[in-house]
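First the structure, in the form of structure tokens, and then the observations on it.
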Amino acid sequence: MFRSIRWRIAIPFLLLILASTAGLGFYFSHFMRDHHMDNLRSQLTNEARLVGDGSQPYFGGQEAELDALTERLGQQIDARITIIALDGTVLGDSEEDPAEMESHADRPEVIEALATGVGVNTRHSATLGYDMMYAATPIELDGTVVGVTRVALPLTDINAALAHINRTIALVAGVATAVVILLSLLIASITTRPIKELTRLSGKIAQGELDQRIEIASGDEIGELARAFNQMSAKLKETLHLMATDRDRMTAIVNNMADGVIMTDTEGRVTLVNPATERMLQISQEEAIGRYLIEVMAEPEADGLLKRCLDTGEPQLGMVERAVAGKQFLWVMATPLEGGSLLIIHDLTELRKLEMMRRDFISNISHELRTPLSSIKVLAETLQEGGIEDAGVASEFLQKIDAEVDKLSQLAVELGELSRIESGEVAFDIKPCPVSQIAHQASDRVRPLAERASLELSLDIPPDIPSVLADRERIEQSLVNLLHNAIKFTPPSGRVGLSAEVHGDKVAISVTDTGIGIPADDLPRIFERFYKADKARAGGGTGLGLAIAKHIVQSHGGDIWVESTEGKGSTFTFTLPIAPF
Ligand code: ADP
């Protein structure tokens, strides 16, 4: 309670008022008491002298009259009068019987009067039961002291007057205290109202409600504080807005970066990962945050880079090869940051794959070229060495040379076609085409082959199948390639089927055979250039047919895939978009 401003204002004032009224009251009541006592003292002294003068004639024989005198004079001045002989014997008293009174020789005022000429004493009268002031003066007769007059008055009047004064002072102090308290409360509540308002609004700001304004009512310090508060909250809002905009911008950049971003603290614990990192490392943000990098990436090289960066405070670069399915090649840069480090991860897997494919491609081409070329060379050499003389041999060898040259030119044609499709040079002539027409044309083209291989070729094309958007000639060629493969890889008396059905907004066309199938290990690579599942059984193909078909289908916005069981057969399916009506 005393911590509040109202009491801090009230209490000093209260203490001041109480101290000053107490001091003033104390001084005033003492002053009044002294004043009254002085007056009373001189009044009683004077009266004692007068009574002394009046009693003088009675000494020397008429002392018995003194009691009556004291009674008379006592009534006149309304005070107690006592006349005492030098030996202390009470000769007369206005209120008591002198005969019954003890010796007054030991009374302090009497002793003092005899010693100095005036004696005054204030004490509690045992006889009367209240405070009395006694004033005594000696009675002189012809220059000799014969006795002492004493006049006494009770102090009850003075005490009553003083009590009244004290009461008045206490009343004034009480009223002043009440007024001070009320005033303090009033001042405090006027002063603290804006402070309370400030406190309330600060609380709201702390909870994020930044649109808080205080009505500035005064030009005093509180008004200034309120003005400063308003400026502060406006500035705060502006700063927070700027920070939020900056943060949103940074978040958008980090979230949309193709490169992975990881931030760690100085201990190497992950504090941030972006979506690219989640994709690259196959880990969710929730799983990664708070973990050590080694737990998130499980790669000692990456962890080493980070540790070196944290230890030396220098940026570190390195390649990290992750032993995940299909291998991942990551270029990692760790940069020291205030309170941790920043890792940028660039996924080079695709680039590496492309590099490797280019290398494979070249070695595949050279291999594909070498076989027919070396047979041509052998055939030509044999002819040169005399074979040409034998017409039969010459004709057979020339036929073989012709067949090898055909193979080479088919390879050249297919390679050219593939490279043109890949580079986007080929302009597809895409139009709505009826699926059954494509299917029938393609099957008609391969039927003689199927018959020669003793295979059953069946079609299952529902009559209501919608038309597709396709470059008819190219799609038909792709379908012929699939059928051709199916025939090639199916032993006699097997079956090859061609079917079509609607798949969402696409039509799926499938070629199914009951052939040798494809080993599971080869399935993922079957659409690669030059890939042949079983080289011994590939039977003179170039290994480019499926790669070309995949590119053609993908250029149509479709997809191609294979399901196969070794020894049982395969189903190649591709999809094409349905043509709008
Ligand atoms: P190729 O000209 O050698 O047939 P493709 O690209 O058409 O080249 O086929 C690549 C390889 O895929 C073939 O060598 C073969 O091993 C495998 N393959 C394709 N179709 C089938 C199928 N229907 N059954 C079994 N294997 C197949």
Side-chain angles (χ1 to χ4, degrees), residues 357 360-361 363-372 403-404 406-422 439 442-443 445-447 449-450 452-460 474-499 508-555 558-574:
M357 269 167 71
D360 286 355
F361 183 57
S363 79
N364 282 330
I365 288 184
S366 82
H367 175 78
E368 292 297 325
L369 290 173
R370 216 180 304 127
T371 325
E404 294 297 343
D406 276 352
K407 247 190 235 173
L408 279 175
S409 55
Q410 194 201 340
L411 181 67
V413 168
E414 286 188 356
L415 271 177
E417 170 87 346
L418 187 59
S419 115
R420 277 203 311 281
I421 295 171
E422 272 188 321
S443 64
R445 278 168 65 182
V446 296
R447 196 169 297 281
L449 280 175
R452 210 178 309 150
S454 314
L455 298 173
E456 183 196 329
L457 177 63
S458 62
L459 260 76
D460 177 16
R474 289 208 150 76
I475 289 297
E476 203 180 293
Q477 184 57 48
S478 300
L479 192 53
V480 166
N481 284 350
L482 294 182
L483 288 165
H484 202 268
N485 279 346
I487 294 166
K488 194 159 65 174
F489 296 108
T490 305
S493 77
R495 273 190 323 270
V496 172
L498 174 56
S499 62
I509 301 170
S510 303
V511 175
T512 310
D513 62 55
T514 55
I516 59 170
I518 301 164
D521 286 350
D522 293 317
L523 275 178
R525 303 193 59 192
I526 207 77
F527 292 97
E528 285 177 20
R529 290 178 287 200
F530 295 116
Y531 198 83
K532 296 172 190 172
D534 183 345
K535 294 213 162 76
R537 293 185 292 175
T542 56
L544 291 173
L546 287 179
I548 295 173
K550 180 179 148 192
H551 278 288
I552 290 176
V553 168
Q554 284 181 344
S555 301
D559 219 346
I560 185 164
W561 67 92
V562 59
E563 288 152 300
S564 181
T565 314
E566 209 180 349
K568 288 208 167 155
S570 319
T571 301
F572 282 82
T573 307
F574 65 90

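Atoms within each ligand, like the ligands themselves, are counted from 1 in listed order.
For ligand 1 and Leu544, the ligand atoms under 4.0 Å from any heavy atom of the residue are 6 (O), 8 (O). Those atoms of ligand 1 that come under 4.0 Å of a heavy atom in Ala486, given as number and element, are 23 (N). Taking a cut-off of under 4.0 Å to the non-hydrogen atoms of Tyr531, the atoms of ligand 1 that pass are 10 (C), 11 (C). In summary, the atoms of ligand 1 found under 4.0 Å from a heavy atom of Ile526, numbered by their order in the structure, are 12 (O), 17 (C). Every atom of ligand 1 is numbered from 1 in the order shown, and the set under 4.0 Å from a heavy atom of Gly543 is 1 (P), 2 (O), 3 (O), 6 (O), 8 (O).
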Going by atom type alone, with no hydrogens or angles, which donor-acceptor pairs under 3.5 Å involve a side-chain atom of residues 474-483 and a protein atom two or more places apart or on another chain?
residue: Arg474; atom: NE; partner: Glu417; partner atom: OE2; Å: 3.4
residue: Glu476; atom: OE2; partner: Arg445; partner atom: NH1; Å: 3.3
residue: Gln477; atom: OE1; partner: Arg445; partner atom: NH2; Å: 2.9
residue: Gln477; atom: NE2; partner: Asn481; partner atom: OD1; Å: 3.3
residue: Ser478; atom: OG; partner: Arg474; partner atom: O; Å: 3.1

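Contacts with ligand 1 closer than 4.0 Å are made by side-chain heavy atoms of Ile518 only, the backbone lying farther away. Of all the heavy atoms of Asp513, the ones lying under 4.0 Å from any atom of ligand 1 belong exclusively to the side chain.
Two residues are said to be in side-chain contact when any heavy atoms from C-beta on lie closer than 4.5 Å; Asp406 and Gln410 fail this criterion. Inter-residue side-chain proximity for Asp522 and Tyr531 is flagged as met; some heavy-atom pair is nearer than 4.5 Å. In this structure, the side chains of Phe572 and Asn485 stay at 4.5 Å or more apart for every pair of heavy atoms. Two residues are said to be in side-chain contact when any heavy atoms from C-beta on lie closer than 4.5 Å; Val562 and Phe527 meet this criterion.
At a 3.5 angstrom cut-off on N or O pairs, Asn485 counts as close to ligand 1. Taking only nitrogen or oxygen atoms, main chain and side chain alike, Leu546 reaches within less than 3.5 Å of ligand 1.
Ligand 1 lies out of reach of His484, whose nearest heavy atom is not under 4.0 Å from it. Within the structure, ligand 1 lacks Gly515 among the residues with a heavy atom less than 4.0 angstrom away. Within the 4.0 Å heavy-atom cutoff, Phe527 does not count among the residues contacting ligand 1.
Closest non-hydrogen pair, Ser493 versus Leu455, comes out as N-CD2, 4.0 Å.
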Legend entry - Criterion side-chain contact (heavy atoms from CB on, under 4.5 Å) on Leu544 and Phe530, from CA distance to verdict: CA-CA 5 Å; Leu544 291 173; Phe530 295 116; 4.1 Å; yes
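By the 4.0 Å N-to-carboxylate-O rule, Arg529 lies too far from Glu414 to be salt-bridged with it.
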